Chemist: 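Before we start, here is the structure in question, set down as structure tokens.
Just the heavy atoms: all of them, side chains too, but no hydrogens, waters or symmetry mates, feed the values below. Everything quoted here is computed from the prediction, not taken from an experiment.
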Amino acid sequence: METDLSRAFAALFHDVPLHGLFANIRAHAEELDTGSLKIPCTVVGRITPNCYTVSPHAAIAGYARDELVKLPFLRRMAAAGLLAGLDGILRAARIERMAALNNYCLSTNSFSHRFQAAPMADLTDAAVQKWPHHALSVRSLNARQHADWIARLERLGWQTVVSRQVYIIDDWPHASTKVNTRRDRKLLHDGRYVFERLGADSPEADFQAALYCYNRLYLHKYSEQNVQFTARFLREAAARGILTLFLLRDAETGKGAGVCGIVADSNTATAPVVGYDDAVPQGAGLYRRCMAQAMQTVREMGLVLNFSSGAPGFKKIRGAAPAIEYTAVYTRHLPPERRAVWTLLHKTSHAYYKKILLKYGL
């Protein structure tokens with residue numbers, strides 16, 4: 001039976017404070033009840049060290065600053081100057097006052113059937129009444145999967161802000177013919193390492209090993225701006241049917257060497273939990289094994305795989321197609337000066353940031 005993730009995350013956030021699930025999130029969870037729909041939302045009110053999955057300031061200024069190293073030197077210097085000026089504008093405009101609708105706090109958000117089918121005009125009105133002093137947002141809309149939905153939101157006065165480029169596998173026969181996909185599948189089944197699914201009865205040491213592997217990739221190698229899960233989140237999410245979580249073990253020693261976690265929501269799956277022990281020699285192919293496990297699992301589910309951002313070359317040669325991702329923002333109920341900064345972000349992100357993403361394939 002398919003898990004209704006809107007309900008499941010709402011229940012999880014009700015039972016456990018957000019900081020008990022995500023170490024770097026400073027927000028509180030609330031539930032928006034329209035009568036026919038109850039969805040989890042995250043609410044922030046002031047700028048503090050925070051995670052981009054709940055904080056617009058962290059998403060725009062913090063994470064973008066970490067991404068500058070990927071640009072050529074002159075582009076990097078120009079972008080750094082732009083970010084420095086933008087940061088002051090964001091603070092003055094109280095950018096942080098945001099209520100994110102149906103937010104699961106994962107790197108790539110997804111949407112239940114119920115949320116996608118909800119009348120957005122009614123949902124917008126209900127959210128404005130509940131949070132009259134906050135901007136509203138819907139994260140992780142991409143042009144390949146949600147073009148019609150984005151158009152509906154824009155007709156209601158929502159604006160889109162470019163967030164990043166993600167990679168989508170929605171043609172499994174095509175992806176399966178790729179040479180690298182076939183090689184990864186062979187590696188996955190060579191017997192040197194095996195995946196074990198974790199559940200409510202798995203020992204705490206397994207969740208700690210899974211967390212260690214995730215942290216070595218996403219926090220140590222990439223950026224501490226990324227989601228900082230706790231072992232409790234991994235256990236709770238696995239136990240509640242939110243997360244299909246696999247620990248990669250060395251077949252000889254049984255030691256945890258990698259992790260792969262899948263979240264499936266309506267017609268799309270994401271892999272928000274991936275990582276490996278970087279002390280193991282690269283020739284073992286741990287990252288390839290974890291990504292191959294994600295691809296195999298989602299294909300067996302019969303779903304589209306949103307492979308999120310990062311490692312674009314790796315994903316494209318395995319059949320993933322790039323798509324620009326947006327955050328939709330509603331501000332018509334706010335004072336003119338606060339609306340103006342979101343309009344600036346909308347125009348700047350489309351005119352400048354989007355072109356950089358497309359040009360450099362970030």
Chemist: Please report the closest heavy-atom contact between W172 and L303, naming both atoms and the distance.
Modeler: NE1-O, 2.8 Å
Chemist: Would you call the rings of Y218 and Y222 parallel, tilted or perpendicular if under 30° counts as parallel and over 60° as perpendicular?
Modeler: perpendicular
Chemist: Please answer whether the main-chain N or O of Q296 pairs with a side-chain N or O of R185 as donor and acceptor at a distance below 3.5 Å.
Modeler: no
Chemist: Closer than 3.5 angstrom, by distance alone: can the side chain of D171 be matched with the main-chain N or O of G319 as a donor-acceptor pair?
Modeler: no
Chemist: With K255, which residues qualify under salt bridge (charged side-chain N to carboxylate O under 4.0 Å, His left out), at least two apart?
Modeler: D277
Chemist: Between N50 and S55, does any side-chain donor sit less than 3.5 Å from a side-chain acceptor?
Modeler: no
Chemist: In Å and rounded to the nearest 0.5 Å, what is the CG to CD1 distance from N142 to I168?
Modeler: 4.5 Å
Chemist: Heavy atoms only: give me the nearest L136-A127 pair and the separation to one decimal.
Modeler: CD1-CB, 3.6 Å
Chemist: Sequence neighbours left out, what passes side-chain hydrogen bond (donor to acceptor under 3.5 Å, both in side chains) with T124? Give chain and number order.
Modeler: W158
Chemist: Let me confirm one number: the SG-CG distance from C290 to L247, rounded to the nearest 0.5 Å.
Modeler: 9.0 Å
Chemist: Quick check on R249: does its CZ atom have over 12 non-hydrogen neighbours (other residues, nucleotides or ligands) under 6.0 Å away?
Modeler: yes
Chemist: Counting C-beta onward and ignoring hydrogens, is there a side-chain heavy-atom pair between W342 and I95 closer than 4.5 Å?
Modeler: yes
Chemist: Would you name the heavy atoms of Q145 and V304 that are closest together and state the gap between them?
Modeler: NE2-CG1, 3.5 Å
Chemist: For R26, enumerate each residue passing the side-chain hydrogen bond (donor to acceptor under 3.5 Å, both in side chains) test, keeping only those at least two apart in sequence or located in another chain.
Modeler: none
Chemist: Under the rule for salt bridge (charged side-chain N to carboxylate O under 4.0 Å, His left out), what residues qualify as partners of R216, not counting sequence neighbours?
Modeler: D278
Chemist: For the residue pair R164 and S308, establish whether any side-chain heavy-atom pair is separated by less than 4.5 Å.
Modeler: yes
Chemist: Can a donor-acceptor pair be found, under 3.5 Å and without considering hydrogens, that links the side chain of S202 to the backbone of G199?
Modeler: yes
Chemist: At what distance, to the nearest 0.5 angstrom, does CE of M295 lie from CZ of F307?
Modeler: 5.5 Å
Chemist: Using the test ring pair (Phe, Tyr, Trp, His ring centres under 6.0 Å), find all partners of Y287 that sit at least two apart in sequence or belong to another chain.
Modeler: F314
Chemist: Has the side chain of H333 got a donor or acceptor atom that lies under 3.5 Å from a matching backbone atom of H134?
Modeler: yes
Chemist: Is there a continuous path of hydrophobic side-chain contacts, each under 4.5 Å between heavy atoms, that joins Y276 to L219?
Modeler: no
Chemist: Only pairs at least two apart or in different chains count here, so list each ring-ring contact (aromatic ring centres under 6.0 Å, His included) that has a residue in residues 183-210.
Modeler: none
Chemist: Side chains of V227 and Y214: closer than 4.5 Å at any heavy-atom pair?
Modeler: yes
Chemist: Can you confirm whether S266 sits close enough to Q116 that some side-chain heavy atom of one is under 4.5 Å from a side-chain heavy atom of the other?
Modeler: yes
Chemist: Looking at C105 and I25, what are the two nearest heavy atoms and their distance?
Modeler: CB-CD1, 3.8 Å
Chemist: For L141 and T160, what are the C-alpha separation, side-chain angles and deciding distance, and is it a side-chain contact (heavy atoms from CB on, under 4.5 Å)?
Modeler: CA-CA 9 Å; L141 297 166; T160 55; 5.7 Å; no
Chemist: List for me each residue that meets ring pair (Phe, Tyr, Trp, His ring centres under 6.0 Å) alongside H350, sequence neighbours excluded, and say none if there are none.
Modeler: Y326, H346
Chemist: Mark yes or no for whether N24, through its side chain, and Q228, through its backbone, hold a donor-acceptor pair below 3.5 Å.
Modeler: yes
Chemist: Same cluster or not: Y212 versus L217, using hydrophobic residues (I, L, V, M, F, W, Y) connected whenever any side-chain heavy atoms lie under 4.5 Å apart?
Modeler: no
Chemist: Looking at every heavy atom in both A135 and R338, which two are closest together, and how far apart are they?
Modeler: N-NH2, 4.1 Å
Chemist: Going only through I, L, V, M, F, W and Y residues with side-chain contacts under 4.5 Å, is there a path from L187 to V259?
Modeler: no
Chemist: With side-chain contact (heavy atoms from CB on, under 4.5 Å) as the criterion, how do L18 and F13 come out once you've worked through the C-alpha distance, each side chain's angles and the decisive distance to 0.1 Å?
Modeler: CA-CA 6 Å; L18 289 181; F13 292 168; 3.6 Å; yes
Chemist: Mind checking the CD1-CZ spacing from I242 to F233? Nearest 0.5 Å is all I need.
Modeler: 6.5 Å
Chemist: F246: what forms a ring pair (Phe, Tyr, Trp, His ring centres under 6.0 Å) with it, not counting sequence neighbours?
Modeler: none
Chemist: Are S137 and N103 side-chain neighbours, meaning at least one heavy-atom pair lies under 4.5 Å?
Modeler: no
Chemist: Is it the case that atom CD in E204 sees more than 12 heavy atoms from other parts of the structure closer than 6.0 Å?
Modeler: yes
Chemist: Of all heavy-atom pairs between L245 and G261, which one has the smallest distance, and what is that distance?
Modeler: CD1-CA, 4.0 Å
Chemist: After noting the C-alpha distance and the side-chain angles of H146 and F111, does the key distance pass the side-chain contact (heavy atoms from CB on, under 4.5 Å) rule?
Modeler: CA-CA 11 Å; H146 310 120; F111 313 101; 3.9 Å; yes
Chemist: What residues, two or more places apart in sequence or in another chain, satisfy side chain to side chain contact (heavy atoms under 4.5 Å, CB included) together with S6?
Modeler: D4, I39, P40, N102, Y104, S112, R114, F115
Chemist: Following the transitive rule for hydrophobic clusters with a side-chain heavy-atom cut-off under 4.5 Å over Ile, Leu, Val, Met, Phe, Trp and Tyr, establish whether I150 and L123 coincide in one cluster.
Modeler: yes
Chemist: For the side chain of Q225 and the backbone of Y52, is there at least one donor-acceptor N/O pair under 3.5 Å apart?
Modeler: no
Chemist: Spell out, as yes or no, whether a donor-acceptor pair under 3.5 Å connects the side chain of T230 to the backbone of G20.
Modeler: yes
Chemist: What's the separation between atom CD in Q293 and atom CG in L248, rounded to the nearest 0.5 Å?
Modeler: 8.5 Å
Chemist: Are I262 and V194 linked, directly or through other ILVMFWY residues, by side chains that come within less than 4.5 angstrom of each other?
Modeler: no
Chemist: Are side-chain heavy atoms of T348 and Y353 found at a separation under 4.5 Å?
Modeler: no
Chemist: Going through the checks in order, is the side-chain contact (heavy atoms from CB on, under 4.5 Å) test met by M120 and L153?
Modeler: CA-CA 7 Å; M120 287 307 299; L153 289 170; 3.6 Å; yes
Chemist: Measuring from atom OG of S176 to atom CZ of R299, what distance do you get when rounded to the nearest 0.5 angstrom?
Modeler: 3.0 Å
Chemist: Holding to side chain to side chain contact (heavy atoms under 4.5 Å, CB included), I want the full list of residues that pass it with I317, two or more places apart in sequence or in another chain.
Modeler: N180
Chemist: Do W131 and E30 have side chains that approach each other closer than 4.5 Å (heavy atoms only, starting at C-beta)?
Modeler: yes
Chemist: Using modelled atom types only, decide if a donor and an acceptor are shared between the side chain of K315 and the backbone of I169 within a distance under 3.5 Å.
Modeler: no
Chemist: Would you check if the side chain of T331 reaches a backbone N or O of L334 as a donor-acceptor pair within less than 3.5 Å?
Modeler: no
Chemist: Under the side chain to side chain contact (heavy atoms under 4.5 Å, CB included) rule, collect the residues that match up with A11, sequence neighbours excluded.
Modeler: R240
Chemist: Return yes when atom CG of D190 has more than 12 non-hydrogen atoms of other residues, nucleotides or ligands closer than 6.0 Å, and no otherwise.
Modeler: yes
Chemist: Could I get the full list of side chain to side chain contact (heavy atoms under 4.5 Å, CB included) partners for P49, not counting sequence neighbours?
Modeler: none
Chemist: Checking the side chain of S163 only, and the main-chain atoms of E325 only, is there a donor and an acceptor separated by less than 3.5 Å?
Modeler: yes
